[in-house]
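Taking it in order: structure first as structure tokens, then the write-up.
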Amino acid sequence: MTGTTDMFGLSGKTAIIWGGGQGMGESSAIYLGRAGCRLAIVDVNESRAGEAAARLAAQGLDAIGLVADITNESDVERATDQAEAALGPIDIMVTIVGASSWKPLLDVTDADWSRELDLNLKSVLYSARAAARRMLASGRKGTIIAVNSVSGLTSAPFHAPYGAAKAGLMNLVRSMAVEWGPDIRVNAVAPGTIVTQRLPKQASEDDPASPFRRRIPLQRRGTTDEIGKGVLFLASDLASYVTGQTLPVDGGWMAAWLFDVPTEASRPTKLAE
């Protein structure tokens, strides 16, 4: 191959990013914008959406901020219409919205359960359907990406409603991919433990005995930028034959063995015994 090429295939496309006002959502928007996308940043907090859009615009990216409650379907439809009116038909929809509460299952209330499913599962259903209806009606091929979690791929003790919602999301992604293919690709990223504004890095993480150093093969927590790169890959032509998948971006968390391999392997007794 000679010369230069738009390897991402995203130049001139429109992306709507739900939860784009901070963290992983804003990082995803930055990477999509740098690849040539026009950006609609949607957040439940109006000032957060506007400030994120301003930061993106300061980098020379084409971005607007919108406010909407992603758990309210009429709000989702309104914001999606506003995004298309301002930027043109949507080609890419990214939903990076979710939250978890930590408590034993015996203490989980019906309200807790419903809130977790609304934020982590119903939110994707509403935003994905809004985008898919418009993509299919216009005959445009599109891409839908959701944020999952390693908690949806394994057990989720003390945050079981979150894990159940994320496990359901993995199945929803597969179902949407089958129903809406070949016109729309649908995938998800599943972050491991990520450094965010709410969970900043602690000095203790650099200690060799830190659980992050011992449990994660890459021996650190991930960054929001690394989730943005995963979203960029799935949105781009580099993933043109990828759909219905959940991609762990977890530093090897899901691949790691139960034991501390160097310590256990150095023992004189065989591990198989």
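- Panel note: side chain Asn187, backbone Leu247; no donor-acceptor pair is recorded below 3.5 Å.
- Between Pro191 and Ile227, the closest side-chain pair of non-hydrogen atoms falls below 4.5 Å.
- Within the model, atoms CZ of Arg185 and CD1 of Ile144 stand 11.0 Å from one another, a figure rounded to the nearest 0.5 Å.
- The minimum heavy-atom distance between Gly98 and Asn120, with the atom names listed, is CA-OD1, 3.1 Å.
- Listed by chain and number, the hydrophobic cluster partners of Val178 come to none, as no ILVMFWY side chain reaches under 4.5 Å of it.
- Between Thr14 and Pro89, the shortest heavy-atom distance links the atoms CB-O, 3.4 Å.
- Using a 4.0 Å cut-off between charged nitrogen and carboxylate oxygen, Arg115 and Asp112 count as a salt-bridge pair.
- Contact check on Asp107 versus Lys103 returns no salt bridge, with no Lys/Arg side-chain nitrogen under 4.0 Å from an Asp/Glu carboxylate oxygen.
- With a 4.5 Å cut-off on side-chain heavy atoms, Ile216 and Gln219 do not count as touching.
- Nearest heavy-atom pair across Ala177 and Thr243 is CB-OG1, 3.4 Å.
- Side-chain contact annotation: Glu116 with Ser101, donor-acceptor N/O pair under 3.5 Å present.
- Tracing side-chain contacts under 4.5 Å through hydrophobic residues (I, L, V, M, F, W, Y), one reaches Val173 starting from Trp18; they form part of the same cluster.
- Side-chain atoms of Asp118 do not come within 3.5 Å of backbone N or O of Lys122 as any donor-acceptor pair.
- To the nearest 0.5 angstrom, Leu61 atom CG is 10.0 Å from Leu32 atom CG.
- A 4.5 Å side-chain heavy-atom check between Asp62 and Leu87 finds at least one atom pair inside the cut-off.
- One distance of note links CE of Met170 with OG of Ser149; it measures 11.0 Å at 0.5 Å rounding.
- Within the 4.5 Å cutoff, the side chain of Thr143 has no heavy atoms near those of the Asp91 side chain.
- With respect to Glu179 and Arg174, no salt bridge is recorded, no charged nitrogen being found less than 4.0 Å from a carboxylate O.
- In the hydrophobic clustering of this structure, Leu121 does not group with Val108; members are Ile, Leu, Val, Met, Phe, Trp, Tyr whose side-chain heavy atoms approach within less than 4.5 Å, directly or through other members.
- Panel note: side chain Asp183, backbone Gly142; no donor-acceptor pair is recorded below 3.5 Å.
- Side-chain contact between Arg221 and Trp253 is absent, with no heavy-atom pair separated by less than 4.5 Å.
- Side-chain atoms of Lys166 come within 3.5 Å of backbone N or O of Val147 as a donor-acceptor pair.
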(message) Between Phe8 and Leu232, is the side-chain contact (heavy atoms from CB on, under 4.5 Å) condition met? List the steps.
(response) CA-CA 8 Å; Phe8 297 116; Leu232 173 62; 3.9 Å; yes
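- Side-chain N/O atoms of Arg55 and Gln59 include no donor and acceptor closer than 3.5 Å.
- Transitive grouping of hydrophobic side chains (ILVMFWY, heavy atoms separated by less than 4.5 Å) brings Val97 and Leu66 into a common cluster.
- Between Arg133 and Glu77 there is a salt bridge, with a side-chain nitrogen of the basic residue lying less than 4.0 Å from a carboxylate oxygen of the acidic one.
- In terms of the ring pair (Phe, Tyr, Trp, His ring centres under 6.0 Å) criterion, Tyr126 has no residue partners (sequence neighbours excluded).
- Salt-bridge annotation for Arg134 and Asp81: present, with a side-chain N of the basic residue lying under 4.0 Å from a carboxylate O of the acidic one.
- Distance alone, capped at 3.5 Å, places no donor-acceptor pair between the Thr154 side chain and the Ser151 backbone.
- Within the hydrophobic cluster formed by Ile, Leu, Val, Met, Phe, Trp and Tyr side chains joined at under 4.5 Å, directly or through other members, Val67 stands alone, with no partner residue.
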Query raised in the report: Run the side-chain contact (heavy atoms from CB on, under 4.5 Å) check on Arg38 and Lys13 step by step: do they pass?
Result: CA-CA 6 Å; Arg38 297 181 293 269; Lys13 293 192 174 182; 6.0 Å; no
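- A distance of 9.5 Å separates CG of Leu39 from CD1 of Ile64, quoted to the nearest 0.5 Å.
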task: Begin with the C-alpha distance, continue with both residues' side-chain angles, and end with the deciding distance and a verdict on salt bridge (Lys or Arg N to Asp or Glu O under 4.0 Å) for Arg220 and Glu226.
output: CA-CA 12 Å; Arg220 62 176 176 84; Glu226 288 167 320; 2.7 Å; yes
inquiry  = One pair to check against side-chain hydrogen bond (donor to acceptor under 3.5 Å, both in side chains): Thr95 and Ser127. What are the steps and the verdict?
reply    = CA-CA 7 Å; Thr95 298; Ser127 55; 2.8 Å; yes
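- Distance check, rounded to the nearest 0.5 Å: CG of Leu125 to CG of Leu117 gives 11.5 Å.
- Side-chain contact check for Ile90 versus Thr80: some heavy-atom pair is nearer than 4.5 Å.
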Report task. Mind running side-chain contact (heavy atoms from CB on, under 4.5 Å) on Val94 and Met24 for me, showing each step along the way? Result -> CA-CA 11 Å; Val94 180; Met24 292 183 283; over 6 Å; no
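- A donor-acceptor contact shorter than 3.5 Å links the side chain of Ser236 to the backbone of Leu238.
- Residues Leu105 and Tyr162 do not share a hydrophobic cluster, defined by chaining ILVMFWY side chains whose heavy atoms lie under 4.5 Å apart.
- Tested against Ile70 for a side chain to side chain contact (heavy atoms under 4.5 Å, CB included), the candidates Val76, Val124, Val44 yield a single pass: Val76.
- Val42 approaches Ala79 most closely through the heavy-atom pair CG1-CB, 4.4 Å.
- Nearest heavy-atom pair, Ile145 versus Ala235, reported as atom, atom and distance to 0.1 Å: CD1-N, 3.5 Å.
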Salt bridge (Lys or Arg N to Asp or Glu O under 4.0 Å) between Glu73 and Arg129, intermediate numbers included
CA-CA 10 Å; Glu73 190 166 21; Arg129 284 199 306 203; 3.0 Å; yes
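- When side chains are defined from C-beta on, Met7 does not count as touching Asp237, because their heavy atoms never get closer than 4.5 Å.
- Thr223 has its side chain out of reach of Ile194: every pair of non-hydrogen atoms, C-beta onward, lies at least 4.5 Å apart.
- In plain terms, the two heavy atoms of Ser27 and Asp225 that are nearest each other are OG-OD1, 3.5 Å.
- Taking CD1 of Ile184 as the start and CE of Met93 as the end, the distance is 10.0 Å to the nearest 0.5 Å.
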Would Ile92 and Cys37 satisfy side-chain contact (heavy atoms from CB on, under 4.5 Å), going step by step from the backbone distance to the final call?
CA-CA 9 Å; Ile92 300 158; Cys37 290; 3.8 Å; yes
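- Note on Val189: it does not cluster hydrophobically with Met176, by side-chain heavy-atom contacts below 4.5 Å among ILVMFWY residues.
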